[in-house]
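Let me begin by presenting the structure, written as structure tokens, before commenting on it.
Quick note on labels: first sequence line is chain A, next is B, and so on, each numbered from 1. Side chains included, hydrogens not; waters and symmetry mates left out as well; all remaining heavy atoms used.
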Protein chains: 2
Amino acid sequence: MLTPERHHKIIELLGKKQIVTIQELVEATASSESTIRRDLSELQKEKKLKRVHGGASLLHQKSEELSVVEKSARNFSEKEKIAKLAATIVKDGDCIFIDAGTTTHLMIPHLKDKDITVVTNGISHLEMLTEHQMTTYLVGGLVKPKTKALVGSGALNSLSSYRFDKCFLGTNGIHLEAGFTTPDPEEASVKRLALSLSQETFILADHSKFNDASFSKVADLHEAVILTDELNKELANDFEDKTEIRVVKS
Amino acid sequence: MLTPERHHKIIELLGKKQIVTIQELVEATASSESTIRRDLSELQKEKKLKRVHGGASLLHQKSEELSVVEKSARNFSEKEKIAKLAATIVKDGDCIFIDAGTTTHLMIPHLKDKDITVVTNGISHLEMLTEHQMTTYLVGGLVKPKTKALVGSGALNSLSSYRFDKCFLGTNGIHLEAGFTTPDPEEASVKRLALSLSQETFILADHSKFNDASFSKVADLHEAVILTDELNKELANDFEDKTEIRVVKS
DNA sequence: TTGATTATGAATGATTTTGGTTGAAATTTG
DNA sequence: CAAATTTCAACCAAAATCATTCATAATCAA
């Protein structure tokens with residue numbers, strides 16, 4: 001059996017079973033264990049699957065929205081760097097808005113010695129904010145159980161009585177045409193309003209968010225500065241004349 | 001059975017059953033106890049579940065049990081009884097306000113099967129409210145670090161857009177002349193407004209609060225019904241023609 | 001065809017996973 | 001409260017899986 005043929009069969013089986021053992025593949029392709037191992041290594045390098053002890057599994061088993069804890073695991077170190085960069089932008093005396101979400105959450109420890117006023121719609125941020133003795137205002141509204149974010153008309157109303165020097169938002173997608181997008185329209189509304197109430201807005205997004213679009217639009221690219229961890233040449237060329245991008249220094 | 005396969009199965013079972021024993025998992029995955037223990041340790045490290053003696057439970061699972069400190073708080077058992085009484089007053093379809101504070105907090109587990117909408121200014125209540133899948137609105141405003149209550153003009157503004165069937169408040173003092181009082185004027189304002197927005201208001205207060213007055217007045221005695229644990233003859237005589245008092249049945 | 005390149009499968013020893021066993025710790029029972 | 005039971009983490013040896021090497025077979029290019 002030819003190599004591309006095997007590869008195709010492996011991917012096909014994976015698609016059906018979510019997870020396959022080496023033995024199953026040996027039988028299915030009538031080739032040796034060694035060969036299958038080599039195939040799996042290659043396919044893994046091509047990001048077609050993930051090797052696991054004893055076989056291989058699909059790369060993304062679930063397409064549904066990940067829970068907060070899971071998000072905190074993915075690309076954690078990149079997010080941490082981005083958050084640190086974002087924190088350096090904040091100066092004493094600033095009034096800032098911090099969006100709900102994991103990346104923005106990571107900003108908080110880095111803000112601890114600054115004399116600032118923080119407004120947020122993220123309930124998860126509260127404990128850490130008050131721990132660090134920061135003056136904290138919470139937006140009102142409906143509690144979204146999954147993300148612990150405050151949304152809805154209550155959130156918009158109470159948000160609209162504030163003005164910010166700087167606004168730090170998370171996003172799910174950054175796309176040339178679609179702009180900044182996020183899955184939940186309710187959360188998008190809150191982000192949009194916060195942005196409009198702020199002198200400057202910063203989007204915290206790791207590289208995986210680029211060229212991706214989600215359901216609800218928050219803003220056009222030119223309306224905010226993007227803070228990210230890395231940017232390859234292609235992306236830089238595509239995006240650089242549409243928006244300002246700041247990359248963490250490695 | 002491959003490791004990720006087992007992990008997936010464990011999470012899946014947990015999702016259905018909320019809690020699983022090691023034995024159940026041993027059977028479901030046809031692997032040994034040791035292996036399951038290792039899996040649980042890993043998944044716990046990844047914040048996918050919480051290990052408990054004999055098995056594992058969902059991460060944010062109903063933590064019916066209160067922390068030791070909470071239980072050891074003053075007059076706990078009285079407060080618990082009062083909270084239970086208060087919960088019986090709530091009917092399906094009600095929109096209620098639950099004040100920040102420990103006594104009101106104890107109401108929440110007893111409300112779990114009711115179909116209600118809750119508005120609160122107590123951040124500590126949120127976790128338990130969302131755990132029990134209640135529709136929850138949070139008031140906005142300044143976060144008071146010590147009591148985790150929301151106060152200030154932001155709280156008043158966002159509160160004023162709601163109307164309640166019932167309102168449950170805590171208090172520090174119940175006094176014939178001073179009425180219901182509390183030390184912090186900011187919190188008093190919130191309580192006062194919540195009361196005025198509600199059809200009926202209930203004050204949850206154990207016997208130690210009677211004949212005591214604090215700095216800021218919330219309301220006169222006749223404006224709310226008092227829920228308490230016991231009432232000696234003297235107090236009963238003094239207060240009964242000024243206000244309605246309901247005592248827990250022993 | 002021939003020499004070079006690549007793919008294959010078997011063998012090796014290293015690494016990881018596994019299930020059983022142990023005594024310690026936690027929980028339940030009396 | 002103490003004994004009995006259950007559950008636990010730590011350890012171990014056996015089994016499975018792994019990466020690497022090497023010789024052979026297949027394929028390719030000239």
To the nearest Å, how far apart are [X] [atom1] and [N] [atom2]?
X: I36(A); N: dG9(C); atom1: CD1; atom2: P; result: 9 Å
X: M1(A); N: dA26(D); atom1: CE; atom2: C1'; result: 17 Å
X: I22(A); N: dC18(D); atom1: CD1; atom2: C1'; result: 9 Å
X: L25(B); N: dT7(D); atom1: CG; atom2: C1'; result: 14 Å
X: E42(B); N: dT16(C); atom1: CD; atom2: P; result: 13 Å
X: R38(A); N: dA19(D); atom1: CZ; atom2: P; result: 11 Å
X: E5(B); N: dT18(C); atom1: CD; atom2: P; result: 11 Å
X: L2(A); N: dT8(C); atom1: CG; atom2: P; result: 8 Å

query = Do you know the tightest heavy-atom contact between T120(B) and T136(B)?
reply = CG2-CG2, 4.5 Å
Please check the phosphate of [N] (OP1 and OP2 only) for any side-chain N or O of [X] closer than 4.0 Å.
X: T21(B); N: dT7(D); result: no
X: S34(A); N: dT21(D); result: no
X: R6(A); N: dA7(C); result: no
X: R51(B); N: dA9(D); result: yes

key: Presence of donor-acceptor pair under 3.5 Å, side chain of R37(A) and base of dG9(C)   = no
inquiry  = Between the base of dG19(C) and the side chain of T35(B), is one N or O donor paired with an acceptor at under 3.5 angstrom?
reply    = no
message = By nearest atom, which of the nucleotides dT17(C), dC11(D), dT8(C) is closest to the T3(B) side chain?
response = dT17(C)
request  = Please tell me which of the listed nucleotides, dT27(C), dT17(C), dA10(C), lies nearest to the side chain of S32(A)?
outcome  = dA10(C)
ask   = What is the nucleic acid contact for V52(B), judged by heavy atoms within less than 4.0 Å: base, sugar-phosphate only, or nothing?
value = sugar-phosphate
query = With a cut-off of 6.0 Å (strictly less than), are more than 12 heavy atoms of other residues, nucleotides or ligands near CD of Q44(B)?
reply = yes
query = Per the side-chain hydrogen bond (donor to acceptor under 3.5 Å, both in side chains) rule, which among T182(A), N172(A), T147(A) passes with E187(A)?
reply = T147(A)
task = Report the relative orientation of the aromatic rings in F97(B) and F164(B); use parallel for angles under 30°, tilted for 30 to 60°, perpendicular for over 60°.
result = tilted
message = Parallel, tilted or perpendicular, judged at 30° and 60°: which one describes the rings of H105(B) and H125(B)?
response = tilted
